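Structure first, commentary second.
Note that ligands are numbered from 1 as they come in the structure, with each ligand's atoms numbered from 1 the same way. Owing to the predicted nature of the structure, the values given are computational and were not obtained by experimental measurement. Counting begins at 1 with the first residue of the sequence. What you see below is based on every heavy atom in this structure, not just the backbone, and it leaves out hydrogens, waters and symmetry mates.
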Amino acid sequence: MNYFIRGILQSMGVLKFVKLKIGRCCPLEILNGSTVVFLSLMQIHIVTAFPKFFESPLGESMMKRAGQSGAVKFFVHDLRDYTTDKHRSVDDYPYGGGPGMIMKPEPFFACVDHLRRQDELAGAPVILMSPQGEKFSQRKATALAQEQALIFLCGHYKGVDERVHQHLATEEISIGDYVVTGGELPALVVIDAVVRLLPGVLGDLDSASGDSFQAGLLDFPHYTRPEEFRGWRVPEILLSGHHAKIAQWRREQAEARTRERRQDLLES
Ligand code: 4G0
């Protein structure tokens, strides 16, 4: 699923042959051993009873820019549009009794069936955000960033009818061992972590490749001006201009922190 573009790049008036790595694309035509590629954007579909919840998070900052640049396209689907009763109900009482409401299976199935009829979505993972899911990680974000499309299901209330877990979701993801009122915030956490990895979303300057978790370590300490604040000085090495020594210091700091705070990251 990783393809390369070979071509000529003009940079500062100089022409250079380049080989650029691009993900998520499909070969169109092969001519004299060269592959013509079409770079596709990632589609992210969100199925929710609270579509307005996503307006501001997807309409601000990095996610907004990613949408505008064409790296990703977001689609938010209102579960209520897939109900058939006159009250447009998305939840009901639990069989066997007990407190709280359970989300009905039919609207989730009707919405996903509708989406799956699109060719681009036929093989897309259907991700149920759930405290019972597989723990989310940077590794998982990297894997999801390779997909052409993602479909997120957001549940609410006490939970979702088990048939959605068993027969509709292809995976269940948890962002951590705690419960929040709906799957919307957890879905946004996963979406943010994935979108910032897509080619062209972050500039070279704040590229994701330098992320500490990408290297399996915690990040090193960062400082900006002023040199001294309330008596606390910036470590002298950072002011020295010795790039090799600075790189070594940062590596040591990252390793020491990881050893002290997250021994588990070194063991795995
Ligand atoms: C209870 C995910 C609550 C059950 C969702 C969903 C935390 C997370 C909810 C479900 C959530 C997490 C079975 C879909 C909604 N809370 N840790 N609340 N099911 O990722």
request  = Could you tell me whether the side chains of His165 and Gln132 share a donor-acceptor contact shorter than 3.5 Å?
outcome  =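 Gln132 and His165 do not have a side-chain donor-acceptor pair below 3.5 Å.
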Closer than 4.0 Å to some heavy atom of [X] - which atoms of ligand 1 meet that?
X	value
Gln132	13 (C)
Val179	7 (C), 16 (N)
His165	13 (C)
Gly155	15 (C)
Val160	14 (C)

request  = Kindly check if the number of other-residue, nucleotide or ligand heavy atoms within 6.0 Å of NE2 (His222) is above 12?
outcome  =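 Yes, because the 6.0 Å sphere around NE2 of His222 holds more than 12 heavy atoms from other groups.
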task = Establish, yes or no, whether the cationic atom of Lys73 lies under 6.0 Å from the six-membered ring centre of Phe75 and within 45° of the ring axis.
result =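 Output yes; distance and angle both within limits.
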Could you find the nearest protein heavy atom to [atom] and give me its residue, atom name and distance?
atom	answer
atom 16 (N) of ligand 1	Val180 N, 3.0 Å
atom 10 (C) of ligand 1	Pro131 CD, 3.7 Å
atom 17 (N) of ligand 1	Gly176 O, 2.9 Å
atom 19 (N) of ligand 1	Ser130 CB, 3.9 Å
atom 20 (O) of ligand 1	Ile175 N, 2.8 Å
atom 7 (C) of ligand 1	Tyr178 O, 3.3 Å

ask   = Within a strict 4.5 Å, meaning less than it, do heavy atoms of the Glu255 and Leu217 side chains meet?
value =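 When only atoms from C-beta onward are counted, Leu217 and Glu255 do touch, with a gap below 4.5 Å.
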message = Is the shortest side-chain heavy-atom distance between Met62 and Arg196 below 4.5 Å?
response =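 The answer is yes; the side chains approach within 4.5 Å.
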ask   = When you measure from the side chain of Arg257 to the backbone N and O of Leu218, does any donor-acceptor pair fall under 3.5 Å?
value =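 Not a single qualifying donor-acceptor pair exists.
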query = Parallel, tilted or perpendicular: which describes the rings of His45 and His77, with under 30° parallel and over 60° perpendicular?
reply =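 If you compare the ring of His45 with that of His77, the planes turn out parallel.
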query = Does Ser174 reach ligand 1 with a nitrogen or oxygen that is under 3.5 Å from one of the ligand's nitrogen or oxygen atoms?
reply =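 Ser174 vs ligand 1: N/O contact under 3.5 Å present.
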query = CG of Leu202 to CZ of Arg65: how many Å apart, nearest 0.5 Å?
reply =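 Leu202 atom CG to Arg65 atom CZ measures 8.0 Å (nearest 0.5 Å).
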